[in-house]
Asker: 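Sharing a structure here in structure tokens format.
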Amino acid sequence: IDPAHYLGALGTNGLTAYFGLTDVGGLNEGNTVLVSAAAGSVGHIVGQIAKIKGCQTIGITSTIEKCELLRSKVGYDAAVSYRSENFRGELKDACQKGVDIYFDNTGGDILGMALRRMNEHSCIICCGVVSQYDTSRPAGSPTGIPGLLVNKRIRMQGFLIFDYAEKYAAARKEMKNWIKSGVFSPINDEFHGLEQAPAAFVDLLAGGNVGTRVIRVED
């Protein structure tokens with residue numbers, strides 16, 4: 001197997017997706033799973049694991065091009081661009097049955113939109129806050145917290161992947177088998193040459209990556 005997968009699907013990003021979804025989220029077959037930053041290193045893996053487990057998947061990403069990629073290459077059932085002028089309406093249309101699990105990689109306004117689509121007794125998995133990483137004016141918590149959490153009995157939980165260190169080997173074994181069987185196709189978004197690292201990192205923070213951004217120093 002390509003060793004680069006140990007930087008992505010079989011590394012921290014893939015393990016984060018795996019344990020966040022299956023352990024924190026308590027995923028069940030038939031759930032509707034909504035994922036923000038769905039084309040990113042964690043998000044594109046979350047969507048595929050959810051599909052393997054028999055769930056409906058909806059991805060939120062930046063551009064129309066990424067929406068198409070999520071549907072055609074990653075396997076999401078639906079994808080919505082948060083840059084769309086009708087984002088609220090398009091998200092509502094995509095989540096007609098409501099959301100059972102929201103895997104939140106962004107926080108901010110997108111979290112606020114997702115809160116209004118959650119079903120009763122649903123779960124929000126707090127993984128990251130991409131919307132806050134590269135700004136001098138981080139947004140506050142969205143409206144609806146704690147009101148919607150109380151009224152809909154929503155469980156909202158953060159986690160650290162290092163809490164699951166004793167289970168890494170078993171998770172890697174299962175995901176490696178998925179890759180070999182072809183049901184799981186993680187994406188490594190590669191730049192070539194160490195001199196490309198600064199540009200690759202800046203582009204990553206601007207949302208230019210699809211999948212896991214990797215600097216391949218040499219073959």
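None of these values were measured; they are calculated from a predicted model. Counting from 1, the numbers follow the sequence of the chain as shown.
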Asker: In Å and rounded to the nearest 0.5 Å, what is the CZ to CD1 distance from R83 to I60?
Answerer: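 Answer for the CZ-CD1 pair, R83 versus I60, is 14.0 Å.
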
Asker: Tell me, with the steps shown, if D77 and K51 meet side chain to side chain contact (heavy atoms under 4.5 Å, CB included).
Answerer: CA-CA 9 Å; D77 295 301; K51 289 301 295 182; 3.0 Å; yes

Asker: Please check if the side chain of Q48 supplies one atom and the backbone of S185 the other of a donor-acceptor pair under 3.5 Å.
Answerer: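 Side chain of Q48 to backbone of S185, a donor-acceptor pair under 3.5 Å: yes, one is there.
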
Asker: How are the rings of W178 and F184 set relative to one another: parallel (under 30°), tilted (30 to 60°) or perpendicular (over 60°)?
Answerer: perpendicular

Asker: So, taking the atom named CE in M113 and the one named CG in L91, what distance separates them when rounded to the nearest 0.5 Å?
Answerer: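 Between M113 CE and L91 CG, I get 7.5 Å after rounding to 0.5 Å.
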
Asker: Drop me the distance from H192's NE2 to E190's CD, to the nearest 0.5 angstrom.
Answerer: 4.5 Å

Asker: Is a side-chain donor or acceptor of T212 paired with a backbone partner of N188 at a separation under 3.5 angstrom?
Answerer: no

Asker: Suppose we screen for salt bridge (Lys or Arg N to Asp or Glu O under 4.0 Å). Which residues come up paired with K73, at least two apart in sequence or across chains?
Answerer: none

Asker: Indicate the atoms forming the closest heavy-atom contact of G112 with P142, along with that distance.
Answerer: CA-CB, 3.5 Å

Asker: Take L7 and T12 through the test side chain to side chain contact (heavy atoms under 4.5 Å, CB included) and record every step on the way to the result.
Answerer: CA-CA 7 Å; L7 301 175; T12 301; over 6 Å; no

Asker: Compare every heavy atom of F19 with every heavy atom of A171, then report the nearest pair and how far apart it is.
Answerer: CB-CZ, 3.6 Å

Asker: Please determine whether side chain to side chain contact (heavy atoms under 4.5 Å, CB included) holds for the pair I101 and S122, giving the CA-CA distance in whole Å, both sets of side-chain angles, and the decisive distance to 0.1 Å.
Answerer: CA-CA 6 Å; I101 295 176; S122 55; over 6 Å; no

Asker: Kindly work out whether a path of hydrophobic side-chain contacts (I/L/V/M/F/W/Y, heavy atoms less than 4.5 Å apart) joins V46 to I179.
Answerer: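 Linked within one cluster.
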
Asker: Which atom pair, heavy atoms only, marks the closest approach of Y6 to I1?
Answerer: CE1-CG2, 4.0 Å

Asker: Check the hydrophobic clustering (I, L, V, M, F, W, Y; side-chain heavy atoms under 4.5 Å; chains of links allowed) and say if I145 and F159 are grouped together.
Answerer: no

Asker: Identify each donor-acceptor pair in which a side-chain atom of residues 149-157 lies under 3.5 Å from a protein atom, sequence neighbours left out, and give them as a table.
Answerer:
from	atom 1	to	atom 2	distance (Å)
N151	ND2	G147	O	3.4
K152	NZ	M118	O	2.7
R153	NH1	N151	O	2.6
R153	NH2	E120	OE1	3.4
R155	NH1	V24	O	2.9
R155	NH1	Q157	OE1	3.0
R155	NH2	V24	O	2.9

Asker: Say whether, by atom type as modelled, one donor and one acceptor occur between the side chain of H44 and the main chain of I187 under 3.5 angstrom.
Answerer: yes

Asker: Would the distance check show the side chain of N28 and the main-chain N or O of N31 forming a donor-acceptor pair, the cut-off being under 3.5 Å?
Answerer: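 No: the side chain of N28 does not pair with the backbone of N31.
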
Asker: Verify the cluster assignment for I110 and V35: are they in a single hydrophobic cluster under the rule of side-chain heavy atoms below 4.5 Å apart?
Answerer: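 No; V35 is not reachable from I110 via cluster members.
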
Asker: What's the shortest heavy-atom distance between I215 and A200, and which atoms?
Answerer: CD1-CB, 3.5 Å

Asker: Check step by step if side chain to side chain contact (heavy atoms under 4.5 Å, CB included) holds for L21 and V33.
Answerer: CA-CA 9 Å; L21 194 55; V33 179; 4.1 Å; yes

Asker: Show your working on side chain to side chain donor-acceptor pair (under 3.5 Å) between R116 and T143 and close with a plain yes or no.
Answerer: CA-CA 10 Å; R116 284 152 181 79; T143 59; 2.9 Å; yes

Asker: Locate the shortest heavy-atom distance separating Y76 from A38; write the atom from each residue and the value.
Answerer: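 What the structure gives for the nearest pair is OH-CB, 3.6 Å.
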
Asker: Is it the case that one hydrophobic cluster holds both L70 and V42, taking links as side-chain heavy atoms less than 4.5 Å apart, direct or via other members?
Answerer: yes

Asker: Which pairs with one or both residues in residues 16-26 pass side-chain hydrogen bond (donor to acceptor under 3.5 Å, both in side chains), sequence neighbours excluded?
Answerer: Y18-E174, D23-Y164

Asker: Taking all atoms of both residues into account, what is the closest heavy-atom pair of G14 and I45, and its distance?
Answerer: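 Minimum heavy-atom separation between G14 and I45: CA-CD1, 3.7 Å.
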
Asker: Any side-chain to backbone donor/acceptor pair from Q96 onto D93? Under 3.5 Å, distance only.
Answerer: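 It does hold such a pair.
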
Asker: Going by atom types alone, do D100 and N119 pair a side-chain donor with an acceptor below 3.5 Å?
Answerer: yes

Asker: Would you kindly say whether T57 and R71 are connected by a side-chain donor-acceptor distance under 3.5 Å?
Answerer: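 Absent: no donor and acceptor within the cut-off.
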
Asker: Any luck finding a side-chain donor-acceptor pair between T106 and Y82 under 3.5 Å?
Answerer: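 Result is no, nothing qualifies.
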
Asker: Test your reading of the model: is there a side-chain donor-acceptor pair from K66 to the backbone of S81, 3.5 Å cut-off?
Answerer: no

Asker: Distance check, rounded to the nearest 0.5 Å: I124 atom CD1 versus L111 atom CG?
Answerer: 5.5 Å

Asker: If hydrophobic clusters are built from ILVMFWY residues whose side chains come within less than 4.5 Å, do L10 and V74 share one?
Answerer: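 L10 clusters together with V74.
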
Asker: Does any N or O in the side chain of D104 come within less than 3.5 Å of the main-chain N or O of I125, such that one atom is a donor and the other an acceptor?
Answerer: no

